[in-house]
Amino acid sequence: MDIQLYNTLTRQKEVFLPLDPQRVTMYVCGPTVYNYAHIGNARPAVVFDILYRLLQRSFPTVVYARNVTDVDDKINQSARDQGVPISTITDRYLAAYHADMGALGVLPPTIEPKVTQHIDAIIAMIERLIANGNAYEKDGQVLFHVPSFAQYGQLSRRDRDEMIAGARVDVAPYKRDPADFTLWKPSTEDMVGWDSPWGRGRPGWHIECSAMIERNFGTGPIDIHGGGHDLIFPHHENEIAQSTCAHNGALFCRTWLHNGFVNINAEKMSKSLGNVTLVHDLLELAPGEALRLVLLSAHYRQPLDWTENAVKDARAQLDRLYRALDSLKDVEASNNAVPASFMTALADDLNTPKALAELHQIANAANKATDAAERARLKGELLAAGWLLGLLQQDPTAWLKGTGAADVDAAAIEALIAERKAARARKDWAESDRIRDELAGRGILLEDKAGETTWRVAS
RNA sequence: GGUCCGGUGGCGGAGUGGUGACGCAGCGGACUGCAAAUCCGCGUACGCCGGUUCAAUUCCGGCCCGGACCUCCA
């Protein structure tokens, strides 16, 4: 089945075909590890995780690189404030990032390159840019000279004059052209830095991705480059300029993908509004799988409004899906085929809302099915389609009984259920209902099915 | 000013030139001691105004409204 992706470069959906049909190469801008990840940081991780899963199913090899920015001015500032090496900060928050993404069901990427391990590659690339006449040094700063790259602005579709006219910052005096951007900057003694031909310093932001891509994928074009919508300009525009010029005009990347932003209650997430919502904190309130489902509930290019109700809705949806799965306990999944309608949705530029609708259709069919073979087939479809979305891989009983919830005492619940069963046997409905109400008061819901009583945690 | 997205039923959110996806919530029914779960059924939804068309929420034009980006924010 063809996979279609919306390429920011051409502003249209295109059939995706890797340059090497045996091996897909994909790079996504990952986190800057100076704090916990917020839900907006999680969106690209989850979106490109789904693309990674889909590609893995469609091509023999997928090399997915998601970088870690482990040196930058915010990290430096934080390290200086706390009087610790930057690695203390970056180790802590990289571990937190991994934990958070794991909770969201994000698979580890194939490789996770770190900036501090690519300083030599960065320096080598900057030297080449200087040699090619695309960059210059001034007072320990090295800058990329934007007018040296005629195609500059092609990704963001801006022309230089507009960029200058719209610029909201003063032009630094060391720039030859207002659009020039930093490749290398000097570090003072109390800051982290590396020796370079231009003195002790540290890399600018944009160059790291170009250098890490070159080191890990070579100089040929990569198939896919992803990131948040805001990175189109200037970050990705600059990457194109750097890599194309460093590779003597060779194409840098074939398909550019960008995810939309997450808003919080219809407002932009920002420190000044005080509404920065951390994954770490959300995980205290809801299972990671529910948070993931919220992120999948809108198409990845659309803005997503994060609300309490959206989380509640996601939990209710998962309850329904897991209930369907739970009712299939007695049959073994007979296959791992994904229905064509589901694949079509996902392959259509990752239409996760449509795919989710198809997933519900499978669950609906499963709820109705009575034939054992059909139920076994539907169970396989539910699990396989769920896997592509990174959902439904938990034990359904565990999900419904809310494992890990501190206040759930299974033995006590079972004891009350036994008491209620006795009351029901003697048709003492008042007592039976009293016990049910008592449990409901503790967030435990009972279901009498086929002469047996099961319980689950209210979500 | 420039670039680019949106405006769909109570809510979220796909999609389509002509039978109102899917989920949540709600209502009615079946089932149940009663519930819950499940199943069946129920909603005159497509910002406004024109145009094209046998037919437009869907295509075209204009307008109104909202949002993003425009030098280091996913």
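So you know, we letter chains A, B, ... as the sequences are listed, proteins then strands, and number each from 1. None of the values given here were measured: they were computed from a predicted structure.
Rounded to a whole Å, the OH atom of A/Y6 is 8 Å from the P atom of B/G6. Protein atom CG of A/L155 is 12 Å distant from nucleotide atom P of B/C4, rounded to whole Å. Following rounding to the nearest Å, A/D448 (CG) and B/A35 (P) show an atom-to-atom distance of 12 Å. In this entry the distance linking CD of A/Q242 with P of B/C72 reads 15 Å, nearest Å. Straight-line distance from the CG atom of A/L321 to the P atom of B/C22: 14 Å, rounded to whole Å. Distance CD (A/E237) to C1' (B/C69): 12 Å, rounded to an integer number of Å. For the pair A/E239 CD and B/A74 C1', the interatomic distance rounds to 14 Å; values are reported in whole Å. One can place CG of A/N259 at 15 Å from C1' of B/C4, the figure rounded to the nearest angstrom.
Between A/W399 and A/Y322, the ring planes are parallel. Angles under 30° get that label, and only those over 60° would be called perpendicular.
Base pairing of B/G6 is made with B/C65, judged by Watson-Crick or G-U wobble geometry with both donor-acceptor distances under 3.5 Å. Searching all strands for a Watson-Crick or G-U wobble partner of B/U71 with both distances below 3.5 Å returns nothing. Using Watson-Crick or G-U wobble geometry with both donor-acceptor distances under 3.5 Å, B/C39 finds its partner in B/G29. Remark: B/G12 base-pairs with B/C22. Criterion, Watson-Crick or G-U wobble with two distances under 3.5 Å. With both pairing distances under 3.5 Å, B/C59 is matched to B/G51 as a Watson-Crick or G-U wobble pair.
Side-chain atoms of A/R43 and base atoms of B/A74 include no donor and acceptor less than 3.5 Å apart. On a pure distance criterion of 3.5 Å, no polar donor-acceptor pair joins the side chain of A/D305 and the base of B/G12. The base of B/G33 sits within donor-acceptor range of the side chain of A/S432, with an N or O pair under 3.5 Å.
To the nearest whole angstrom, the two C1' atoms, one in B/C24 and one in B/U3, are 37 Å apart. B/G51 and B/G17: their C1' atoms are spaced 15 Å apart (whole Å). B/C22 and B/A14 have their C1' atoms separated by 8 Å, with the value rounded to a whole Å. With P as the reference atom, B/A30 and B/A35 are 10 Å apart, rounded to whole Å. B/A55 and B/C40: their C1' atoms are spaced 33 Å apart (whole Å). Taking the C1' atom of each, B/G13 and B/C46 are spaced 13 Å apart, rounded to whole Å. As rounded to the nearest Å, B/G6 and B/U58 have P atoms that lie 14 Å from one another. Taking the P atoms as reference points, B/U57 lies 10 Å from B/C48, given to the whole Å.
Using a 4.0 Å cut-off between charged nitrogen and carboxylate oxygen, A/D326 and A/K329 count as a salt-bridge pair. Under 4.0 Å is where a charged nitrogen must lie from a carboxylate oxygen, and between A/E289 and A/R292 no such pair does.
Relative to the side chain of A/N41, the nucleotides B/C4, B/A74, B/U71 differ in distance, and B/A74 lies closest. Of all nucleotides listed (B/G33, B/A37, B/U71), B/G33 comes nearest to the side chain of A/W429. Relative to the side chain of A/H360, the nucleotides B/C69, B/C34, B/C22 differ in distance, and B/C22 lies closest. Residue A/R157 has its side chain nearest to B/C4 when only B/C4, B/C72, B/U71 are considered. Distances were taken from every side-chain heavy atom of A/E447 (C-beta onward) to each of B/C5, B/C72, B/A37; the shortest belongs to B/A37. Of the candidate nucleotides B/A74, B/A37, B/C22, B/A74 has the atom lying nearest to any side-chain atom of A/L231. Checked against B/G33, B/G13, B/C24, the side chain of A/R424 finds its nearest nucleotide in B/G33. Checking B/A37, B/G23, B/G6 against every side-chain atom of A/D313, the shortest atom distance belongs to B/G23. Closest to the side chain of A/K74, from the set B/A14, B/C39, B/C73, is B/C73. Closest contact between the side chain of A/K175 and the listed nucleotides B/U71, B/G33, B/A68 involves B/U71.
Between A/N351 and B/G15, a side-chain N or O to OP1/OP2 separation shorter than 4.0 Å is present. Close to B/C11, at under 4.0 Å from its OP1 or OP2, lies no side-chain N or O of A/N309. Between A/K185 and the phosphate of B/C72, there is no side-chain N or O to OP1/OP2 separation shorter than 4.0 Å. The shortest distance between the side-chain N/O atoms of A/Q317 and the OP1/OP2 oxygens of B/C24 is not below 4.0 Å. Put simply, A/N364 has no side-chain N or O that comes within less than 4.0 Å of OP1 or OP2 on B/U38. Residue A/R158 has no polar side-chain atom (N or O) positioned under 4.0 Å from OP1 or OP2 of B/C69. Distances shorter than 4.0 Å separate some side-chain N or O of A/R320 from OP1 or OP2 on B/U38.
Proximity of a side-chain donor or acceptor of A/T32 to a complementary backbone N or O of A/T69 within less than 3.5 Å is not detected.
Between A/F261 and B/A74, a base-stacking contact is recorded: ring centres under 5.5 Å apart, planes less than 30° from parallel.
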Between A/R53 and A/D49, does the salt bridge (charged side-chain N to carboxylate O under 4.0 Å, His left out) criterion hold? Intermediate values first, please.
CA-CA 6 Å; A/R53 288 165 185 259; A/D49 179 61; 2.9 Å; yes

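Inter-residue side-chain proximity for A/L383 and A/L325 is flagged as met; some heavy-atom pair is nearer than 4.5 Å. At a threshold of 4.5 Å between non-hydrogen side-chain atoms, the residues A/K401 and A/I413 do not count as touching.
The distance between the ring centers of A/H258 and A/H229 does not fall below 6.0 angstrom. Between A/H145 and A/Y136, the ring center distance clears the sub-6.0 Å criterion.
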